[in-house]
A.B. asks: 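Could you have a look at this structure, given as structure tokens, before my questions?
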Amino acid sequence: MPRQQFRKQLLAARQALSTAEREAAAQQVSDHLLALPELQQSTTVGSYYSVRAELPTQTLNQQLQLQHRLALPVLHPISLQHLLFLKVHPQTRWQANTYNIPEPQLRCPDIVPLSALRVLLVPLVGFDAHGNRLGMGGGFYDRTLAAWHQGLLPDLQPIGLAFDCQYVEALPHAPWDVPLPRVITPAKVWDFRG
Ligand SMILES: Nc1nc2c(c(=O)[nH]1)N(C=O)[C@@H](CNc1ccc(C(=O)N[C@@H](CCC(=O)O)C(=O)O)cc1)CN2
Ligand SMILES: Nc1ncnc2c1ncn2[C@@H]1O[C@H](COP(=O)(O)OP(=O)(O)OP(=O)(O)O)[C@@H](O)[C@H]1O
């Protein structure tokens with residue numbers, strides 16, 4: 001089955017969840033995440049601002065902002081299809097990007113380099129038994145994770161967040177796809193590291 005077909009099917013699966021199911025899933029995923037050793041001391045976490053039928057991150061992000069340091073993605077204004085991560089603080093001003101996703105207003109002092117992030121929470125549409133990831137199709141996270149994949153960001157821990165219905169046994173993958181080392185769903189913490 002081609003990527004686009006998987007994307008359509010997996011997007012439909014999560015859209016079929018009720019608000020209550022979504023909220024319960026978010027709570028379970030958040031509990032798994034906050035119990036990881038990486039989160040036991042104050043650290044810098046890159047997350048995403050959930051929209052539409054994505055695994056909700058609002059409550060989790062509030063907690064991360066209070067107990068850790070929270071950074072969220074901003075579409076790079078010059079380097080197309082790349083992301084910047086910006087620190088979120090009480091004075092953060094918000095604006096909607098071209099996909100209608102809220103993002104912190106771009107202020108240079110708020111930029112957090114990827115090398116300063118310990119954990120990066122990655123949104124996804126689907127994942128498979130090898131950690132292969134299907135996203136929204138912009139290639140944003142493949143580009144973001146390329147340097148990590150090459151071993152240039154040894155301190156960064158990417159972690160996908162998903163509903164259980166986003167799992168499929170095998171996804172088609174392209175040369176630029178960066179498989180995730182871990183994915184957290186309500187049912188379990190998937191660890192794909194050898
Ligand atoms: N919450 C969240 N933030 C994120 C992502 C994400 O998946 N979720 N991204 C992950 O990469 C980046 C944004 N990438 C995105 C790429 C496509 C679409 C999207 O809705 N595409 C529509 C077509 C829109 C259009 O082309 O104008 C679609 O596929 O139907 C959304 C976000 C950065 N921020
Ligand atoms: N590291 C890269 N270098 C160059 N091009 C890339 C890279 N990663 C992805 N691309 C391009 O981005 C496009 C979208 O990739 P893909 O369909 O894998 O996105 P995705 O992982 O589903 O989306 P996202 O990461 O934004 O959630 C591809 O057509 C590919 O050409």
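First listed ligand is number 1; within each ligand, the first listed atom is number 1.
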A.B. asks: Just heavy atoms, cut-off under 4.0 Å: does Arg3 contact ligand 2 by side chain, backbone, both, or neither?
C.D. replies: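 Near ligand 2, Arg3 shows its side chain, while the N, CA, C and O stay back.
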A.B. asks: In ligand 1, which numbered atoms sit nearer than 4.0 Å to a non-hydrogen atom of Tyr48?
C.D. replies: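 Checking each atom against Tyr48, I get 1 (N).
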A.B. asks: Run through Val125, Leu11, Val168 and flag the one making a side-chain contact (heavy atoms from CB on, under 4.5 Å) with Phe6.
C.D. replies: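 The option that passes is Val168.
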A.B. asks: Starting from atom 4 (C) of ligand 1, locate the nearest protein heavy atom and write down its residue, its atom name and how far away it is, to 0.1 Å.
C.D. replies: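 The closest one turns out to be Ile101 CD1, 3.8 Å.
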A.B. asks: In ligand 1, which numbered atoms sit nearer than 4.0 Å to a non-hydrogen atom of Tyr49?
C.D. replies: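 Under 4.0 Å from Tyr49, ligand 1 has these atoms: 1 (N), 2 (C).
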A.B. asks: Counting C-beta onward and ignoring hydrogens, is there a side-chain heavy-atom pair between Trp148 and Leu120 closer than 4.5 Å?
C.D. replies: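 No, too far: nothing below the 4.5 Å cut-off.
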A.B. asks: Specify the protein heavy atom at minimum distance from atom 8 (N) of ligand 1: its residue, its atom name, and the distance to 0.1 Å.
C.D. replies: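 Going by distance alone, atom 8 (N) of ligand 1 is nearest to Glu54 OE2, 2.6 Å.
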A.B. asks: Using a 4.0 Å cutoff against the non-hydrogen atoms of Leu83, which atoms of ligand 1 qualify?
C.D. replies: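 Near Leu83, the atoms of ligand 1 are 33 (C).
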A.B. asks: Counting only non-hydrogen atoms of the protein, does one fall under 4.0 Å from atom 30 (O) of ligand 1?
C.D. replies: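 Protein heavy atoms within 4.0 Å of atom 30 (O) of ligand 1 - there are none.
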A.B. asks: Is any side-chain heavy atom of Val88 closer than 4.5 Å to one of Asn61?
C.D. replies: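 A side-chain contact under 4.5 Å is absent here.
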A.B. asks: Which protein non-hydrogen atom lies closest to atom 25 (C) of ligand 1, naming both residue and atom, and how far is it?
C.D. replies: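 Looking at atom 25 (C) of ligand 1, the protein heavy atom closest to it is Tyr99 CE2, 4.1 Å.
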A.B. asks: Counting only heavy atoms, which portion of Lys8 has something under 4.0 Å from ligand 1: side chain, backbone, both, or neither?
C.D. replies: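 Looking at Lys8 and ligand 1, no heavy atom falls under 4.0 Å.
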A.B. asks: Please confirm whether Ala174 approaches ligand 2 to less than 4.0 Å, judged on its heavy atoms.
C.D. replies: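 Judged by the 4.0 Å heavy-atom criterion, Ala174 does not count as contacting ligand 2.
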A.B. asks: Within 4.0 Å of atom 23 (C) of ligand 1 (strictly less), any protein heavy atom?
C.D. replies: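 Given the 4.0 Å cut-off, atom 23 (C) of ligand 1 does not count as touching protein heavy atoms.
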A.B. asks: Arg52 heavy atoms, cut-off 4.0 Å: which ligand 1 atoms fall inside?
C.D. replies: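 Within the 4.0 Å cut-off of Arg52, ligand 1 contributes 20 (O).
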